[in-house]
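Worksheet: the structure to be examined is printed underneath.
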Amino acid sequence: MAFAQDAAAAAPEPTPTADSGDTAWLLVSTVIVLMMSIPGLALFYGGMVRKKNVLNTTAMVFVSVAVLSVVWMLIGYSLAFTDGGELQPYIGGLDKILLAGVTKDALSGTIPETLFVVFQMTFFAITPALIVGSVVERMKFSSLIVFLVLWSLIVYAPVCHWVWGGGFLSKDGVLDFAGGTVVHINAGVAGLVAAIVLGKRKGYGTENLAPHNLVLTLIGASLLWVGWFGFNAGSAAAANASAANAALVTQVCTAAAVIGWLVVEWIVHRKPTVLGATSGAIAGLVAITPAAGFVDATGALIIGLVAGVVCYIFATGVKRALGYDDSLDVWGVHGVGGIVGAVLTGVFAREAIGGTAGAIEGNVAQVWTQVYGVLATVVWCAVATFVILIVIKIVMGLRVSEAEELEGLDINQHGEVVQ
C-alpha cells in the first residue's frame, strides 16, 4: 500500500535550469558595469589631469581592464570563488584555474556560470583601475601594470573571497551587497598608500595642477552613474525585488550626495562647481554600494547626504592639512565613502529588505560587525599594498624621471600627444 506523500518524497529533485529573466538582466548588468571602466572611468580621470598626461591616464585604465580580464580568467576567479579547503576562510583554491570545469551548461544559481564569471570579471577589472587616480602624472606605466596584477591577486581576490566566496567576513555576518569593502575601501586604501609611497607630483601645492577638461569628467561621471545600476542592482544576481530596491536606493543616495557636497561647497567657496557635483555623485554611488540590498529609500537619503559632506571634507580639508597627493581623490571619495557606506549599512539595514536588522531596528551589534569588516579590509590592504609597492620600487622603480614628469607622460611613456 503506497501513500501519495511517500511518492512525493521519493520524487527526484528538479533539474536546475537557468532563468531567462535573470540571465537577461545579468547580461545587461555586465555590459554596463564594463561601461563604467571603459569609457566611464577613463573619461572621468582623463578630464581631471593636465592635457600633457590625458593619454597616459586613459591608457592606464584601458590597458588595465584588458590585462586584468585575462588574469581573472587565468587564476583570479578560482582564488575568489572556489573552496580553499583548510584555507577556505581566507582564500579559494586552484580548482578552476583557466576556468576548468566552467562549461557552457554549468550554473551559478539561476544564471550560467560563464555569465557569473564575466560579471565578476568586470568588478575585478574596475577595482584596481580605480587606484590609477591616486598615482596619475608620475608613475611609470610598466610599473603600474605590474602593481595592478600583483595587487589584484594578493589583495582583491582574498578580500572578495572573504566577503562573497564563503570566507570569514561573510561567516561573521559582515554585510556588503555590491562591494563597499571589496571594491571601494580596498581601492581607496591602496590609493592612499600608493600616493604616499610614490610621493607628490612636481609642483603640488605651488603650481596650477587644475583639470584640463571637466566636460570629459562630467561625461565620465554620468557613465559611471548609469553603469552603477548594473553594479548594484546586478549584484542581486536576479531580476527580482531586491534588484529593484537596489536601483531605487542607488538613485536616491547618489542624488542626495550631490546635494550634500554642493551645499557645503557653496557655503565654503560661494560657488557650486562641476568638479564638486561629479565628485559628490561618485561619493554617493560608493556609499550606497554596500547598503543597496539592505536599506530603504529613507536610509539611502541619509547615507547620501552624510557621504557627500564627509567625502568633501576629506577630499579638500583633510588632504590639504595632511599634505598627501591623492591626485584624483581615490581615498577621499572611494575609501572614505566606502567606509561611510559600510558603517551606515549597519545602522539603516532593514530586516524586511535584506534579512538583517540594523541599529534602527534594535540590532546595534551589526554596526560593530560592519566596523570589524572595515578594519580587516583596511589592515590587510594597507600592509599588502605597501609591501608590493616597495618590492616593485626596488626591482624596477615606480616613478618616471623629473624631466619626463615635467614634459608630460603622454609623449614620454607612449610617444603620442593630444594636439
Side-chain angles (χ1 to χ4, degrees), residues 22 25-26 28-37 40-41 80-81 108-109 111 115-116 118-130 156 159-165 167 169-170 174-188 224-254 257 281-297 299-300 303-304 307 333-335 337-346 348-350 353-356 358 370 373-374 377:
D22 295 347
W25 170 234
L26 263 291
V28 172
S29 296
T30 299
V31 171
I32 61 176
V33 174
L34 178 61
M35 184 188 73
M36 290 170 65
S37 300
L41 186 64
F81 286 106
S108 176
I111 64 171
L115 178 54
F116 180 74
V118 72
F119 179 66
Q120 288 295 334
M121 181 186 287
T122 60
F123 283 63
F124 186 77
I126 195 172
T127 304
L130 291 172
Y156 180 92
V159 176
C160 179
H161 182 79
W162 298 352
V163 177
W164 296 330
L169 289 186
S170 65
V174 174
L175 303 178
D176 185 358
F177 190 71
T181 51
V182 179
V183 176
H184 299 293
I185 296 175
N186 242 351
L224 283 163
W225 189 335
V226 173
W228 226 284
F229 283 85
F231 208 76
N232 287 354
S235 290
N240 58 17
S242 179
N245 183 77
L248 170 64
V249 298
T250 296
Q251 184 69 11
V252 170
C253 186
T254 306
I282 303 304
L285 291 163
V286 167
I288 198 60
T289 295
F294 305 106
V295 305
D296 61 14
I303 292 171
V333 174
H334 292 274
I339 291 171
V340 168
V343 174
L344 292 184
T345 298
F348 294 106
R350 296 281 188 177
I353 293 176
T356 301
Q370 296 301 106
V374 168
T377 304

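These figures come from a predicted structure and were not determined experimentally.
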Are the side chains of [X] and [Y] in touch, meaning some heavy atoms are under 4.5 Å apart?
X      : Y      : answer
Val174 : Gln370 : yes
Phe231 : Ile126 : yes
Trp228 : Val286 : yes
Asn186 : Thr377 : yes
Val183 : Leu130 : yes
Thr250 : Leu285 : yes

Of all heavy-atom pairs between [X] and [Y], which one has the smallest distance, and what is that distance?
X      : Y      : result
Trp25  : Gly234 : NE1-CA, 3.6 Å
Ala287 : Ala307 : CB-CB, 3.6 Å
Ala237 : Ile111 : O-CG2, 4.2 Å
Ala291 : Ile303 : CB-CD1, 4.1 Å
Ala238 : Ala243 : O-CB, 3.5 Å
Thr30  : Thr122 : O-CG2, 3.8 Å

Taking the side chain from Asn245 and the backbone from Val295, do they hold a donor-acceptor pair closer than 3.5 Å?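 Present.
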Distance in Å, [X] [atom1] paired with [Y] [atom2], rounded so as to fall on 0.5 Å steps:
X      : Y      : atom1 : atom2 : answer
Ser170 : Leu175 : OG    : CG    : 11.0 Å
Met35  : Leu224 : CE    : CG    : 8.0 Å
Thr127 : Ile185 : OG1   : CD1   : 12.0 Å
Ile339 : Leu344 : CD1   : CG    : 11.5 Å
Thr254 : Phe229 : OG1   : CZ    : 6.5 Å

Of all residues at least two apart in sequence or in a different chain, which pass the side-chain contact (heavy atoms from CB on, under 4.5 Å) check with Ser235?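 side-chain contact (heavy atoms from CB on, under 4.5 Å) list for Ser235, sorted by chain: Phe119, Phe123, Phe177, Ala178.
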Using the test ring pair (Phe, Tyr, Trp, His ring centres under 6.0 Å), find all partners of Phe81 that sit at least two apart in sequence or belong to another chain.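 By the ring pair (Phe, Tyr, Trp, His ring centres under 6.0 Å) rule, Phe81 matches Tyr77, Phe116.
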Partner set under salt bridge (Lys or Arg N to Asp or Glu O under 4.0 Å) for Asp22, not counting sequence neighbours: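 Listed in chain order: nothing, the list is empty.
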Specify whether His334 and His184 have parallel, tilted or perpendicular ring planes, treating 30° as the upper limit for parallel and 60° as the lower limit for perpendicular.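 Ring orientation of His334 relative to His184: parallel.
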